[in-house]
Amino acid sequence: CVCFFFSSRRRHTRCREVSWARRCVQETGTWGYIKMQGKSLMDKFKSLDFYQKLPPNISQSTGSGICMSLLVLACIIGLIITEVQTFLTVDIVNELYIDDSKYSSRMNITYDFIFQHTPCTILTVDTVDILGNHRMTLDKETKKERLAPQTMASLGIYQKPENYNDIYTKTVEEMNANEGCRVTGRVEVNRIPGNIHFSFHEYQNIVQQLRQNGIRNLDVSHTIMSFDFDEGSTKEARVVKKKYGDMSKEKPLDMTSMIGEDNNSFVYYLNVVRTVYNGAGRKNHTLNQYTVNKYKSRTQDNNVPIVFLQYDIAPIYVYYSFRSNSVMTFLVRIIAIIGGVITVAGILVSLLQNSVYHLSLIHI
């Protein structure tokens with residue numbers, strides 16, 4: 001009986017719904033019935049609206065609200081401008097890696113020295129590396145220019161004399177006139193520890209003869225106009241300088257002056273670090289930076305003064321690259337700025353209004 005009661009009740013409810021639907025169809029037609037069903041669904045969806053609008057006649061503008069709105073707008077604009085500047089800024093990142101010698105095993109040494117009191121005739125440039133490769137008197141790679149005393153004005157390119165007597169005579173003339181010498185050049189060496197030195201090794205006999213004849217001792221005081229280790233061309237160095245600016249290269253010996261007395265020697269210890277610059281999708285640019293320590297010492301009477309540059313190769317290299325900000329991160333920050341400022345402003349306004357309301361009640 002109970003089962004019959006519930007089943008008959010369900011049939012009765014179902015019949016009522018069917019009869020109501022038939023009546024709606026008869027009165028409004030099929031499309032009218034569908035529209036009524038659609039309106040009921042829209043009413044349900046409207047209840048999910050998180051941003052329901054108030055009618056204009058209910059809301060009211062206030063002076064404090066206008067001031068807060070202008071303040072909020074100014075804050076949003078200022079923060080967005082700051083965020084845009086940050087987004088457009090490209091950071092330069094440097095990383096250290098073990099040098100696995102996948103780059104060139106050769107490098108160039110470029111030098112430009114001015115010797116204020118040294119004759120060009122007997123001044124030579126030599127290189128030696130740790131394997132014992134000794135290259136003496138780099139005349140083909142080096143250009144020497146005679147300089148006037150004090151003013152250091154150019155007296156012309158140095159021309160090497162033909163025979164020994166002419167070399168001695170020319171040296172005496174230059175020393176008596178207190179002439180200087182500018183030495184420039186570029187030499188290719190193995191990328192292993194070694195040294196490059198400016199000395200008088202090839203002409204030690206002439207130096208001894210000068211001493212025996214009572215001519216003043218040699219003075220190798222100098223100014224280094226530029227000194228550099230590089231693997232690429234000068235054009236490549238200019239490209240890196242243009243892209244990376246002052247971070248592109250460190251050359252601590254440029255425009256360095258070392259002044260000493262007769263028979264003073266100068267020693268420089270350099271540590272060369274390979275530096276790779278990312279070409280932003282193109283080939284990388286490889287240059288070298290170095291650190292330096294310098295010393296001055298007194299040469300013993302039997303030895304000749306020398307300018308000695310000892311270099312070592314670091315087992316690591318520095319990799320520079322550009323790092324730009326993500327577009328998605330930029331958009332998220334902009335949205336966070338707008339939403340955060342508006343939310344905080346709303347909280348402050350609500351607190352201010354509630355405070356004013358409660359204070360007014362206290363006074364009443």
Side-chain angles (χ1 to χ4, degrees), residues 104-120 122-145 147 180-204 207 218-232 234 237 249-275 287-300 303-315 317:
S104 173
S105 61
R106 306 279 289 177
M107 65 180 181
N108 299 310
I109 301 177
T110 305
Y111 47 89
D112 184 354
F113 281 64
I114 292 180
F115 294 88
Q116 288 85 354
H117 309 289
T118 307
C120 286
I122 57 176
L123 182 61
T124 61
V125 183
D126 307 332
T127 61
V128 183
D129 62 32
I130 198 173
L131 297 179
N133 299 316
H134 190 181
R135 299 178 61 186
M136 297 181 62
T137 316
L138 303 174
D139 289 337
K140 292 183 179 180
E141 295 84 357
T142 302
K143 181 180 73 172
K144 292 189 285 187
E145 185 178 1
L147 301 177
C181 184
R182 182 168 189 169
V183 182
T184 58
R186 178 186 174 105
V187 58
E188 187 180 38
V189 297
N190 293 320
R191 191 178 177 81
I192 56 177
N195 69 76
I196 179 171
H197 51 273
F198 300 80
S199 64
F200 313 98
H201 288 163
E202 186 181 358
Y203 302 103
Q204 287 192 13
V207 174
L218 295 169
D219 183 358
V220 290
S221 298
H222 59 276
T223 298
I224 303 176
M225 304 303 293
S226 67
F227 187 85
D228 188 21
F229 299 89
D230 66 83
E231 297 179 14
T234 306
K249 209 164 188 184
E250 295 294 335
K251 297 191 290 184
L253 281 181
D254 286 9
M255 305 307 297
T256 298
S257 295
M258 293 291 283
I259 307 300
E261 300 173 354
D262 293 347
N263 274 12
N264 274 144
S265 291
F266 303 93
V267 182
Y268 300 87
Y269 293 99
L270 299 90
N271 192 15
V272 183
V273 181
R274 191 196 304 272
T275 309
L287 301 175
N288 292 287
Q289 299 185 92
Y290 62 88
T291 59
V292 60
N293 291 313
K294 47 184 180 289
Y295 303 94
K296 179 175 68 173
S297 62
R298 180 71 180 177
T299 306
Q300 297 181 359
N303 297 326
V304 294
I306 186 174
V307 177
F308 191 86
L309 296 101
Q310 175 75 43
Y311 56 86
D312 196 6
I313 308 298
Y317 71 92

Original post:
Does any non-hydrogen side-chain atom of Phe198 lie less than 4.5 Å from one of Ile306?
Top reply: no
Subject >> Sidechain-backbone polar pair: Ser265 side chain, Ser297 backbone, donor-acceptor under 3.5 Å >> reply: no
Subject >> side-chain contact (heavy atoms from CB on, under 4.5 Å) between Thr124 and Met136, worked out >> reply: CA-CA 8 Å; Thr124 61; Met136 297 181 62; over 6 Å; no
Original post:
Are the side chains of Val183 and Cys181 in touch, meaning some heavy atoms are under 4.5 Å apart?
Top reply: yes
**OP:** Could you grab the distance from atom CG of Asn195 to atom CG of Asp129, nearest 0.5 Å is fine?
**Re:** 9.0 Å
**OP:** Look at the aromatic rings of His222 and Phe113 and report parallel, tilted or perpendicular, splitting at 30° and 60°.
**Re:** tilted
Original post:
Just wondering, do Tyr111 and Asp228 contact through their side chains at under 4.5 Å, heavy atoms?
Top reply: no
Subject >> Pair Arg182 + Asp112, salt bridge at N-O below 4.0 Å >> reply: yes
Original post:
Would Glu145 and Thr184 satisfy side-chain contact (heavy atoms from CB on, under 4.5 Å), going step by step from the backbone distance to the final call?
Top reply: CA-CA 9 Å; Glu145 185 178 1; Thr184 58; over 6 Å; no
**OP:** Give the ring-plane orientation class for Tyr295 versus Tyr269, where under 30° counts as parallel, over 60° as perpendicular and anything between as tilted.
**Re:** perpendicular
Original post:
Between Met258 and Lys294, does a side-chain contact (heavy atoms from CB on, under 4.5 Å) hold up when you go through it step by step?
Top reply: CA-CA 9 Å; Met258 293 291 283; Lys294 47 184 180 289; 3.8 Å; yes
Original post:
For the residue pair Phe227 and Tyr268, is the inter-centroid distance of their aromatic rings smaller than 6.0 Å?
Top reply: no
Subject >> Glu141 CD to Asn108 CG distance, which is reported to the nearest 0.5 Å >> reply: 10.5 Å
**OP:** Look only at the side chain of His201 and the backbone of Ser199, and say whether a donor-acceptor pair between them is shorter than 3.5 Å.
**Re:** no
Original post:
Just wondering, are more than 12 heavy atoms of other shown residues or ligands nearer than 6.0 Å to CD1 in Ile130?
Top reply: no
**OP:** List the steps, then state whether side-chain contact (heavy atoms from CB on, under 4.5 Å) holds for Asp126 with Arg135.
**Re:** CA-CA 6 Å; Asp126 307 332; Arg135 299 178 61 186; over 6 Å; no
Subject >> Heavy-atom donor-acceptor pair, Lys144 side chain to Cys120 backbone, under 3.5 Å >> reply: yes
Subject >> Nearest atoms (heavy-atom pairs only) where Phe200 meets Ile122 >> reply: CD2-O, 3.3 Å
Original post:
Between Leu270 and Phe229, which heavy-atom pair has the shortest distance, and what is it?
Top reply: CD2-CE1, 3.9 Å
Original post:
Is a side-chain donor or acceptor of Thr118 paired with a backbone partner of Asp219 at a separation under 3.5 angstrom?
Top reply: yes
Original post:
Hey, are Thr275 and Gln289 close enough side-chain-wise for a donor-acceptor pair under 3.5 Å?
Top reply: yes
Subject >> Any side-chain heavy-atom pair of Arg298 and Asn264 under 4.5 Å >> reply: yes
Subject >> Student check: side-chain heavy atoms of Met225 and Ile114 closer than 4.5 Å >> reply: yes
Original post:
Among Ile109, Asn288, Ile192, Val292, which one satisfies side chain to side chain contact (heavy atoms under 4.5 Å, CB included) with Tyr311?
Top reply: Ile109
**OP:** Using a 4.5 Å cut-off on heavy atoms from C-beta on, say whether the side chain of Thr127 contacts that of Leu138.
**Re:** yes
**OP:** Answer yes or no: is there a side-chain heavy-atom contact under 4.5 Å between Ile313 and Met107?
**Re:** yes
**OP:** Please examine the side chains of Leu253 and Leu309, heavy atoms only from C-beta on, and report whether any two atoms are closer than 4.5 Å.
**Re:** yes
